[in-house]
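Taking it in order: structure first as structure tokens, then the write-up.
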Amino acid sequence: MAARTKKGKFDAAEIDQQLQQIHLLDTSSTSENLEQLAPIIKNIHATRQQDAYLRTLKQLTESKEAEIQQICGDNYQDFVSSVSTMLNVRSSTNNLRDRIVALDDSVNQAGRALAEKKKGLLKAKKAGTNLDETIEALQSCLRLLDLVNRIGELIKQGKYYSALRSLDDIQYLPPNSLSQTPFFNHLLSSLPSYRTQIKDAVTASLKTWLFELRNVSRQVGSLALEAMDARSKRWTARKEKESQMKLCRLGGAVELITYEKVEYDVFDNDKLKVDFKPLYQSILIYTALDMLEELQKSYQADRKTQSTLILSSQLSLQSLPDLIEEITGFFIAETHVLQNTRGFRSQREVDELWEGVLERLNSSVATELGAESGPEVFLKVKESLLAFTMTMEGYGYDCHRLHDLILLLFGNYATLLEKQYSSTFDIIVQEDDTALIRAETKDSLRAILDGCWLPPSSVSSLSSYDCPCNLPFSQTFYECCINIRNFVEKFYQFVEGVSQHHRDIDELLGTSLDRLMTRHISDKIVAKLNQSQGLSQISQIVTTLEYFEMACGEIEQNLASLRSTQRGGSIRLGSRPAFTESIQLALKRVNEVISGKLEGNFEMSDFEWTPDSSSGGPSLYMFQMIMWLTTNIDSMSLQDVYKDSAYTGAIHHISDTLMEYLAGSSIQQLNEVALTNILVDVDFIDQSLRDCGQSHLSAIFDPLRLIVSIPLNNNVQEYLNPSARQASYASVRPGELAALLEKLARCGVNSRNKAERDRGERRRAEAAAVARIAT
């Protein structure tokens with residue numbers, strides 16, 4: 001196409017030519033030819049010939065539509081007639097196919113009937129011929145067939161070994177006219193099938209017997225466990241009669257030697273009869289067939305399957321006794337077979353089954369008991385396992401796994417038992433009101449003393465009390481002793497009959513008792529002690545702790561006697577030092593309460609520190625305080641040594657408080673008259689101590705007397721002399737004396753009396769001199 005000048009216009013022919021050359025939809029291409037359209041559109045806009053192009057495009061479109069309509073109109077009738085022709089052809093083809101199928105079916109039916117008739121005719125001819133030959137052969141083989149028939153009858157009657165012998169008779173008949181006949185050869189070839197029938201019949205009989213044996217295994221185990229229980233009771237009764245047998249356990253060497261065996265067959269008795277004939281017959285037949293190894297493998301597989309089914313579902317502790325009876329019966333049957341057959345079962349095969357069952361049993365029991373929190377459940381399980389263990393040991397089985405399981409259960413049982421009694425002891429101590437336990441009658445007194453852990457001397461002394469009476473210990477001590485007895489009894493109840501424990505279990509008991517008595521009795525009493533304020537209550541707690549300390553020795557002796565039956569040594573409880581320490585804490589608490597009361601009395605006292613004249617007697621607060629002190633300490637139910645300790649602590653507190661008044665910072669000034677009054681109070685205390693038998697405590701006030709005597713006797717200059725101070729005033733501290741002199745000085749210098757003011761100045765100078773010694 002010729003190029004146009006800038007803004008040159010196209011005529012109608014050129015526009016039409018351009019449109020004819022554009023193919024917006026190319027049938028051979030999936031894309032539009034837009035690249036040819038872009039320059040044209042650009043030129044249209046450049047030359048502003050949009051209208052001309054649109055008119056030409058419309059004319060082109062109308063011409064193309066007319067061509068399409070003409071083409072379609074010319075060929076329509078031919079297309080319709082062709083479609084009709086095709087439909088007619090298809091219909092004819094379908095009809096022809098149906099006729100061909102029908103014709104083929106009729107031909108097949110006719111041919112099949114003819115073939116059947118021909119086949120029947122041939123079979124009839126052949127049957128006639130065979131019948132003639134068979135009749136002739138049967139007449140000559142009646143004797144041989146009688147022998148074969150007899151084999152079938154023997155199999156039906158269960159006489160399998162006789163049937164095998166008859167088969168051997170047929171196989172080894174002497175040569176005769178039938179020996180070379182096909183019938184005889186066929187008969188010989190059928191003999192293995194008879195052997196197979198005999199084998200299958202024997203196998204079926206054995207399978208039935210195994211099923212029946214499994215059904216009665218629980219009853220067999222029950223009878224065996226009952227027999228062991230009766231044996232255990234007989235041995236227990238004998239040990240009670242013969243003290244020298246006390247240390248011998250059931251199943252031990254002594255018991256086995258002295259055991260009077262009672263013949264009791266769990267498979268043949270008044271309650272149960274188990275016939276092992278099917279098994280023995282199977283062994284005989286398989287041996288005769290030279291297939292005993294196959295029977296052994298099959299029997300082992302069947303018994304292994306049955307042993308697996310024993311614990312095929314989740315174990316329930318309620319069903320454990322039944323399960324143990326079934327396992328017991330199962331393996332007693334295995335022992336019976338092992339002992340009464342020669343070479344059929346091996347010990348290794350039985351042990352394999354035994355180990356597999358024990359592994360599953362141990363795992364199931366441990367899993368089920370993992371969720372239990374009651375010691376009683378563990379005890380019941382142990383009783384079942386122990387009876388099972390002793391029974392199976394009697395039949396020669398290795399029960400070390402069961403012993404390990406029992407010891408494992410014992411550890412959990414001991415933990416739960418300790419936890420249970422921990423709560424019991426906590427409640428007993430918490431609810432105790434420290435009131436003395438009362439015995440109304442001699443019988444009740446005897447019952448209380450029998451329940452408590454007391455040495456014979458204490459029991460003898462307390463038994464002499466006249467009833468009704470109050471015993472020197474509280475209800476807590478009695479109830480704790482009873483529960484300790486129950487704890488020990490339940491502890492050893494678990495291991496009763498268990499042979500493999502000795503030292504470990506006894507040491508575990510000692511450790512558990514230590515924890516119970518230390519943490520849940522001693523420590524709980526101390527915690528309650530710290531909340532007590534009454535001296536009578538605290539003193540009763542001290543007495544109770546003393547009885548617990550005393551009980552530790554008796555418990556140790558009792559445990560040692562129990563342990564000797566298990567061939568162990570002695571047991572030492574670590575809780576005794578804990579009770580000793582608790583007693584010291586209780587005595588310390590006594591001193592704290594007394595000191596608190598004394599401190600309160602001092603704080604409420606109205607002592608005059610600058611009196612004009614002497615009181616002439618002890619001060620009122622001191623009189624009341626000493627009366628309260630002596631009354632309360634003397635009334636406490638404590639040993640004299642503990643009362644002496646309480647008096648000592650109280651007198652030290654009084655002395656220290658008075659010294660603090662004289663030399664401390666609580667009192668700012670005092671005079672000589674106040675010092676005189678203090679000495680009067682001290683003399684009153686000395687007299688009171690002598691009256692209650694505590695005169696030796698008067699020496700506690702010697703430093704107080706000495707420091708007061710220095711200013712009252714004007715011996716300050718003597719005190720300043722080093723040799724005199726060391727000889728006569730060694731207990732007087734320079735700092736305390738300086739503080740006392742300073743207080744006297746303050747009182748003097750503030751006086752209106754000149755003589756007293758002068759004395760006050762002298763005291764100040766003396767205080768300064770003494771203070772220089774202190775520095």
Side-chain angles (χ1 to χ4, degrees), residues 591 594-634 643-716 718-719 725 728-744 747 763 767 770:
N591 292 334
I594 292 176
S595 297
K597 183 66 175 179
L598 295 177
E599 191 65 31
N601 287 335
F602 276 117
E603 290 176 356
M604 293 189 302
S605 66
D606 56 352
F607 191 84
E608 179 63 43
W609 295 104
T610 58
D612 296 330
S613 60
S614 176
S615 62
S619 57
L620 179 60
Y621 88 92
M622 185 62 71
F623 177 81
Q624 293 175 344
M625 184 168 59
I626 296 302
M627 289 301 101
W628 174 89
L629 179 65
T630 56
T631 301
N632 278 274
I633 292 181
D634 290 342
K643 291 182 179 181
D644 291 346
S645 176
Y647 268 119
T648 301
I651 298 304
H652 272 295
H653 185 81
I654 294 173
S655 175
D656 293 343
T657 302
L658 292 177
M659 183 63 75
E660 201 279 332
Y661 285 158
L662 297 179
S665 59
S666 59
I667 304 299
Q668 298 300 318
Q669 61 181 4
L670 50 77
N671 59 20
E672 285 79 358
V673 178
L675 296 180
T676 302
N677 290 338
I678 288 177
L679 290 179
V680 172
D681 287 343
V682 171
D683 291 338
F684 169 72
I685 295 173
D686 286 344
Q687 183 60 44
S688 298
L689 292 175
R690 285 193 294 271
D691 293 341
C692 63
Q694 301 291 333
S695 58
H696 60 283
L697 298 179
S698 298
I700 295 175
F701 291 106
D702 287 349
L704 181 65
R705 293 177 184 276
L706 199 56
I707 195 173
V708 171
S709 67
I710 293 175
L712 290 182
N713 297 327
N714 292 318
N715 291 335
V716 176
E718 182 181 355
Y719 181 81
R725 182 170 64 252
S728 303
Y729 305 103
S731 61
V732 178
R733 298 176 181 175
E736 293 177 344
L737 179 58
L740 174 59
L741 293 174
E742 181 61 32
K743 292 181 180 182
L744 292 172
C747 181
R763 294 296 188 198
V770 173

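Bear in mind that the values here come from a model prediction, so they are computed numbers and not experimental data. One is the number of the first residue; the rest follow in order along the sequence.
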Test item: L740 and I710 side chains (from C-beta on) under 4.5 Å apart, heavy atoms: no
Minimum heavy-atom distance D644-Q694, with the two atoms named: OD1-NE2, 2.7 Å
G664 backbone acceptor or donor facing K743 side chain under 3.5 Å: yes
Residue pair P611 / N671: nearest heavy atoms and the distance that separates them: O-ND2, 2.9 Å
Mutual orientation of the aromatic rings belonging to Y661 and W609 [parallel < 30°, tilted 30-60°, perpendicular > 60°]: perpendicular
More than 12 heavy atoms from other groups under 6.0 Å of CZ on F623: no
Flag if over 12 foreign heavy atoms under 6.0 Å of CG, D612: no
Any I700 side-chain heavy atom under 4.5 Å of I654 side chain: no
Evaluation steps, side chain to side chain contact (heavy atoms under 4.5 Å, CB included), between E608 and S619: CA-CA 10 Å; E608 179 63 43; S619 57; over 6 Å; no
Side chain proximity check, M625 to F602, heavy atoms < 4.5 angstrom: yes
Check: L744 and L675 side chains under 4.5 Å, non-hydrogen atoms: yes
Nearest heavy atoms of S614 and V673, plus distance in Å: N-CG1, 3.6 Å
Side chain to side chain contact (heavy atoms under 4.5 Å, CB included) between M659 and R733, intermediate numbers included: CA-CA 11 Å; M659 183 63 75; R733 298 176 181 175; over 6 Å; no
Any D681 side-chain heavy atom under 4.5 Å of L658 side chain: no
L697 vs I685 side-chain heavy atoms within contact, under 4.5 Å: no
Residue pair C692 / D634: nearest heavy atoms and the distance that separates them: CB-OD2, 4.1 Å
Minimal non-hydrogen separation, S645 against N591, with atom names: O-OD1, 3.9 Å
Result of checking L737, L706, I707 against Y719 for side-chain contact (heavy atoms from CB on, under 4.5 Å): L737
Any side-chain heavy-atom pair of L679 and L712 under 4.5 Å: yes
CD1 on I626 to OH on Y621, rounded to 0.5 Å: 9.5 Å
Side chains of R763 and E672 in contact at under 4.5 Å (non-hydrogen atoms): yes
Minimum-distance pair of heavy atoms, taken over all atoms of I594 and A646: CD1-CB, 4.0 Å
